[in-house]
2 protein chains.
Amino acid sequence: MNAKTRQRRPAFDREAGVAIAQALFHERGYDAVSLADLTNAMDIKPPSFYAAYGSKAELFERAMLRYAQENALPLDELLAPDRPPAEALPALLLAAAKQYGRDSVLRGCMITEGMRADDPAARRMAESLASGGLQAIRAYLDQAHPQDAESLADYVSVTLRGLSASACNGMPHERLTQVARTAGRFIAHELEADEPTTAS
Amino acid sequence: MNAKTRQRRPAFDREAGVAIAQALFHERGYDAVSLADLTNAMDIKPPSFYAAYGSKAELFERAMLRYAQENALPLDELLAPDRPPAEALPALLLAAAKQYGRDSVLRGCMITEGMRADDPAARRMAESLASGGLQAIRAYLDQAHPQDAESLADYVSVTLRGLSASACNGMPHERLTQVARTAGRFIAHELEADEPTTAS
DNA sequence: CTTGTCATGTAGCGTTCACTACATGTGGCG
DNA sequence: CGCCACATGTAGTGAACGCTACATGACAAG
């Protein structure tokens with residue numbers, strides 16, 4: 001009677017349900033997706049839903065975690081400690097713009113937009129997850145460009161939020177990436193003006 | 001029996017009701033404000049509400065128009081046709097950041113954030129109002145810096161959206177204005193590099 | 001086969017949503 | 001005063017919300 005033999009009859013794939021929820025939440029946002037939408041899409045009834053996920057908000061958290069795992073930008077590569085900010089930050093912005101506008105229906109950053117949910121619990125979950133990414137940017141800049149780490153981190157954060165929101169409202173992929181390139185060029189110009197780094 | 005003598009007994013100030021609605025919608029967003037919230041705040045009952053305003057969405061439109069009239073940035077001054085972009089665009093961003101973070105509870109741009117409402121009718125109203133401002137920016141740049149008017153207009157638009165969203169999520173006033181100054185400095189650097197205008 | 005455990009479906013919980021039919025009572029007007 | 005138009009409050013509409021009590025039925029264990 002080992003534990004573990006007890007979860008026979010899965011009868012519906014819980015992880016697949018999280019994937020379905022992830023798509024719905026990403027497409028429409030937390031508040032605009034109802035329990036009925038979720039249970040219909042998963043083809044289960046509410047009691048199964050609550051047995052599997054606990055609540056709509058908990059499922060939202062699992063969906064955001066799944067989103068972060070498979071869609072999050074590779075911050076550790078983009079912001080590798082030895083990469084100069086004049087190269088890393090533009091690359092980060094461009095990668096974000098490309099992802100936010102890639103899919104015609106799953107637009108923007110699911111977590112960034114989750115921070116604007118009406119439900120306070122869902123909003124706090126999203127804010128908590130987002131703070132991880134912001135801290136990574138801040139930590140990178142603290143070691144790579146400490147003289148205005150906060151200012152630059154805020155600038156990047158605001159630009160990312162603007163890109164996500166604009167993507168959600170339909171700004172096409174090319175214009176999003178163009179804005180990201182513009183912002184990246186601005187950053188590079190300023191950083192290279194301050195410290196011409198090595199050669200030239 | 002002239003018309004006009006017929007609207008005796010106002011009994012509640014409809015324009016004051018619009019002001020109350022403006023504050024509620026700005027603070028919480030369209031979806032998060034219920035009819036009960038509105039009628040309680042105005043101290044009227046639903047029938048009076050519908051007699052006066054038609055529907056929640058129509059009142060939202062009137063509230064946004066009121067917001068635009070009294071809070072909108074003076075685009076015609078900020079973007080005066082003879083003002084150089086390297087001066088006008090930073091001024092616009094800074095003015096927006098100051099306004100978005102001015103009040104501790106009425107944060108961000110009511111119209112910008114209205115574009116993210118779940119209700120399609122409300123969203124379209126907000127998008128329609130916002131397009132006016134964007135067209136003003138675009139028209140200014142078409143005559144002041146035609147070589148990359150679209151790119152610059154998109155950059156400004158995205159930055160404004162990022163500032164509004166960040167303000168709504170609590171970024172303090174000083175950091176908002178700092179980001180606006182950073183973005184403005186970036187724009188000025190690039191524009192001055194391209195065309196040193198007149199004197200050195 | 002019997003029993004126990006569990007996820008399931010049926011049905012419905014209480015609440016809130018935007019919105020409205022209807023009766024009331026006040027005011028201007030003749 | 002009598003009339004009547006009209007904004008008002010009472011009360012409630014049907015629908016949707018997130019969520020759950022309960023009975024059903026399938027499986028593994030004995």
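Every chain is numbered from 1 and lettered A, B, ... according to where its sequence line falls, protein lines coming before strand lines.
Annotation: side chain to side chain donor-acceptor pair (under 3.5 Å) contacts of T177(A) (sequence neighbours excluded): R181(A). Remark: T159(B) engages no residue in a side chain to side chain donor-acceptor pair (under 3.5 Å) (not counting sequence neighbours). Among residues two or more places apart in sequence or in another chain, the ring-ring contact (aromatic ring centres under 6.0 Å, His included) test is passed with Y100(B) by none. Applying the side chain to side chain donor-acceptor pair (under 3.5 Å) rule to D31(B) yields no partners; only residues at least two apart in sequence or on another chain are considered.
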Tell me, for nucleotides 16-22 of chain D in 5' to 3' order, what letter each nucleotide earns: B for a base near a protein heavy atom under 4.0 Å, S for only sugar-phosphate near one, - for neither? -SSBBB-

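Identified under the salt bridge (Lys or Arg N to Asp or Glu O under 4.0 Å) test for residues 129-146 of chain B, with sequence neighbours left out: R138(B)-D142(B). Legend: ring-ring contact (aromatic ring centres under 6.0 Å, His included) pairs involving residues 156-181 of chain B, not counting sequence neighbours: none detected. Each salt bridge (Lys or Arg N to Asp or Glu O under 4.0 Å) pair with one or both residues in residues 17-28 of chain B, not counting sequence neighbours, appears once here: R28(B)-D37(B).
Between D13(B) atom CG and dA7(D) atom C1' there is a gap of 15 Å when expressed in whole angstrom units. Per the geometry, CE belonging to M42(A) stands 16 Å off P belonging to dA7(C), to the nearest Å.
Contacts between residues 116-124 of chain B and DNA chain D, defined by a heavy-atom separation under 4.0 Å, are absent.
No more than 12 heavy atoms of other residues, nucleotides or ligands sit less than 6.0 Å from atom CG of D43(B).
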